[in-house]
> 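Let me give you the structure first, and then I'll get to my questions.
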Amino acid sequence: STEALRPLQQTYLKKHYPDHRVLGVIVPTIEEVKDGKRIGVIATHATVASGAYPRELTKVHPKVKIFQSAAPMLVPLIENGKIDLTEPFLREYLTPLMREKIDTLILGCTHYPILKKEIKKIVGKKVKLISQDEFIHKKLKSYLVRHPEIEQKLSKKHAQKFYVSEKTPHFDTIARAWFGKKMNLTEVDI
């Protein structure tokens, strides 16, 4: 999302699928930051390296202090159903942010809401979590209301297609757990 979203929106879709849309999660996430002054972000290496969250946050909240921590082990552990092994990694990734006395923590990866309970135990009740699972669906609904021409093209009778950049050995099992049914996942090369 941090690297591919703009090129997809501005170049690829315009050329190949002009009637399609790709929506990102970073700007909707930033919109959820209300009162925070010291914002922590945990995300993948690529997201942290992109600078996307600090760049977008300072556009909306120019006076906030932003602290990031790459959390490279979380996605593989989540995707392989090893949530019970995440606690030492979470402590390693969150400790530097807690030293900065953050008041808000952005879970900067769509996988991380699965670890909300474990994260909350470490950061405590005083740190507000910004977790995409709590608002992205509402933002999408609002977008569709504002763009009825898109919603009219959608049908519940059509097949759903799920694309993944990598199918790990346990991904089918995890996808079934997340969605409550067997998912037809198509691997794509990005």
Side-chain angles (χ1 to χ4, degrees), residues 1-10 21-79 83-148 150-151 174 178-179:
S1 185
T2 59
E3 298 297 325
L5 183 62
R6 283 206 170 89
L8 281 171
Q9 290 172 328
Q10 296 172 357
R21 302 289 177 268
V22 174
L23 304 176
V25 295
I26 293 173
V27 171
T29 301
I30 299 306
E31 293 170 350
E32 293 299 306
V33 176
K34 306 289 189 230
D35 301 321
K37 304 286 184 242
R38 301 180 68 77
I39 313 297
V41 177
I42 58 168
T44 63
H45 270 304
T47 298
V48 168
S50 76
Y53 277 100
R55 183 175 56 251
E56 297 301 325
L57 267 166
T58 54
K59 287 178 186 176
V60 179
H61 305 286
K63 295 183 180 183
V64 299
K65 300 283 185 203
I66 303 158
F67 308 94
Q68 297 190 96
S69 181
M73 288 302 298
L74 297 183
V75 169
L77 289 171
I78 291 167
E79 288 184 353
I83 292 170
D84 57 320
L85 301 179
T86 60
E87 195 260 339
F89 295 103
L90 285 169
R91 289 199 181 280
E92 178 184 337
Y93 304 144
L94 294 170
T95 296
L97 300 176
M98 297 309 294
R99 281 193 205 119
E100 298 293 345
K101 299 185 180 357
I102 61 168
D103 54 33
T104 304
L105 177 63
I106 293 174
L107 305 186
C109 174
T110 55
H111 286 69
Y112 297 174
I114 292 169
L115 300 174
K116 270 195 305 193
K117 185 173 76 175
E118 292 80 1
I119 292 168
K120 198 66 176 165
K121 282 182 188 175
I122 295 169
V123 301
K125 294 178 182 176
K126 292 183 180 178
V127 175
K128 179 182 179 180
L129 288 188
I130 306 291
S131 182
Q132 296 163 348
D133 66 314
E134 295 175 7
F135 55 84
I136 289 295
H137 62 288
K138 295 173 190 170
K139 302 265 184 181
L140 176 58
K141 183 177 180 179
S142 173
Y143 180 86
L144 291 173
V145 167
R146 292 189 319 272
H147 298 276
I150 294 173
E151 188 173 22
I174 299 302
W178 290 347
F179 293 100

> What are the two closest heavy atoms between Gln132 and Pro113, and how far apart are they?
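Heavy-atom minimum between the residues: N-CG, 4.2 Å.
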
> Apply the side-chain contact (heavy atoms from CB on, under 4.5 Å) test between Ile119 and each candidate in Val127, Leu107, Thr86; give the one that qualifies.
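Of the listed residues Val127, Leu107, Thr86, the side-chain contact (heavy atoms from CB on, under 4.5 Å) partner of Ile119 is Leu107.
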
> At what distance, to the nearest 0.5 angstrom, does CG of Leu77 lie from CD of Glu87?
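CD of Glu87 is found 12.5 Å from CG of Leu77.
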
> A side-chain contact here means heavy atoms from C-beta on lying under 4.5 Å apart; do Leu74 and His111 qualify?
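They are not in side-chain contact.
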
> Measuring from Lys37:NZ to Thr104:OG1, what's the distance to the nearest 0.5 Å?
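The NZ atom of Lys37 sits 9.0 Å away from the OG1 atom of Thr104.
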
> Indicate yes or no for a side-chain donor-acceptor contact from Thr95 to the backbone of Glu92 under 3.5 Å, with no hydrogens or angles considered.
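Checked: no pair found.
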
> Testing the basics here: between Ser50 and Arg55, what is the closest heavy-atom pair and its distance to 0.1 Å?
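Minimum heavy-atom separation between Ser50 and Arg55: O-NH1, 3.2 Å.
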
> For residues Leu105 and Leu97, determine if any side-chain heavy atom of one lies less than 4.5 Å from a side-chain heavy atom of the other.
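When only atoms from C-beta onward are counted, Leu97 and Leu105 do touch, with a gap below 4.5 Å.
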
> Is any NZ, NE, NH1 or NH2 atom of the basic residue among Glu32 and Lys139 found under 4.0 Å from an Asp or Glu carboxylate oxygen of the other?
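Salt bridge present between Glu32 and Lys139.
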
> Salt bridge check, Asp35 against Lys128: does any charged N sit closer than 4.0 Å to a carboxylate O?
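Salt bridge flag = no for Asp35 with Lys128.
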
> Please name the residue in the list Ile66, Val64, Ile106, Val60 that meets the side-chain contact (heavy atoms from CB on, under 4.5 Å) test with Val33.
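For Val33, the side-chain contact (heavy atoms from CB on, under 4.5 Å) test succeeds with only one of Ile66, Val64, Ile106, Val60, which is Ile106.
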
> For the side chain of Thr58 and the backbone of Pro54, is there at least one donor-acceptor N/O pair under 3.5 Å apart?
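Yes; judged by distance alone, with no hydrogens or angles, the pair exists.
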
> When you measure from the side chain of Lys117 to the backbone N and O of Ile114, does any donor-acceptor pair fall under 3.5 Å?
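Side chain of Lys117 to backbone of Ile114, a donor-acceptor pair under 3.5 Å: no, none is there.
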
> What distance do Tyr53 atom OH and Ile130 atom CD1 have between them, rounded to the nearest 0.5 Å?
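Here the rounded value is 10.5 Å.
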
> Using every non-hydrogen atom in the two residues, find where Glu134 and Lys116 come nearest and quote the distance to one decimal.
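That closest heavy-atom pairing would be OE2-NZ, 2.9 Å.
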
> Does Asp103 reach the main-chain N or O of Gly36 with its side chain, forming a donor-acceptor pair under 3.5 Å?
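No, the answer is negative, given that no donor and acceptor are paired below the 3.5 Å cut-off.
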
> Are more than 12 heavy atoms, taken from residues, nucleotides or ligands other than Lys120, located less than 6.0 Å from that residue's NZ atom?
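For Lys120, atom NZ is crowded (more than 12 foreign heavy atoms under 6.0 Å).
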
> Are the side chains of Leu90 and Tyr112 in touch, meaning some heavy atoms are under 4.5 Å apart?
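No. Closest side-chain heavy atoms not under 4.5 Å.
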
> Side chains of Met73 and Tyr93, heavy atoms from C-beta outward: is any pair under 4.5 Å?
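Yes - at least one pair of side-chain heavy atoms lies under 4.5 Å apart.
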
> Using a strict cut-off of less than 4.0 Å between a Lys/Arg side-chain nitrogen and an Asp/Glu carboxylate oxygen, indicate whether Lys59 and Glu56 qualify as a salt bridge.
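Salt bridge present between Lys59 and Glu56.
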
> Would you check if Met98 and Val123 make a side-chain contact, meaning some heavy-atom pair closer than 4.5 Å?
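They are in side-chain contact.
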
> Can you tell me if Thr44 uses its side chain to pair, donor with acceptor, with the backbone of Thr47 under 3.5 Å?
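Here the side-chain-to-backbone pair exists.
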
> Counting C-beta onward and ignoring hydrogens, is there a side-chain heavy-atom pair between Ile136 and Pro28 closer than 4.5 Å?
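Yes. Closest side-chain heavy atoms under 4.5 Å.
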
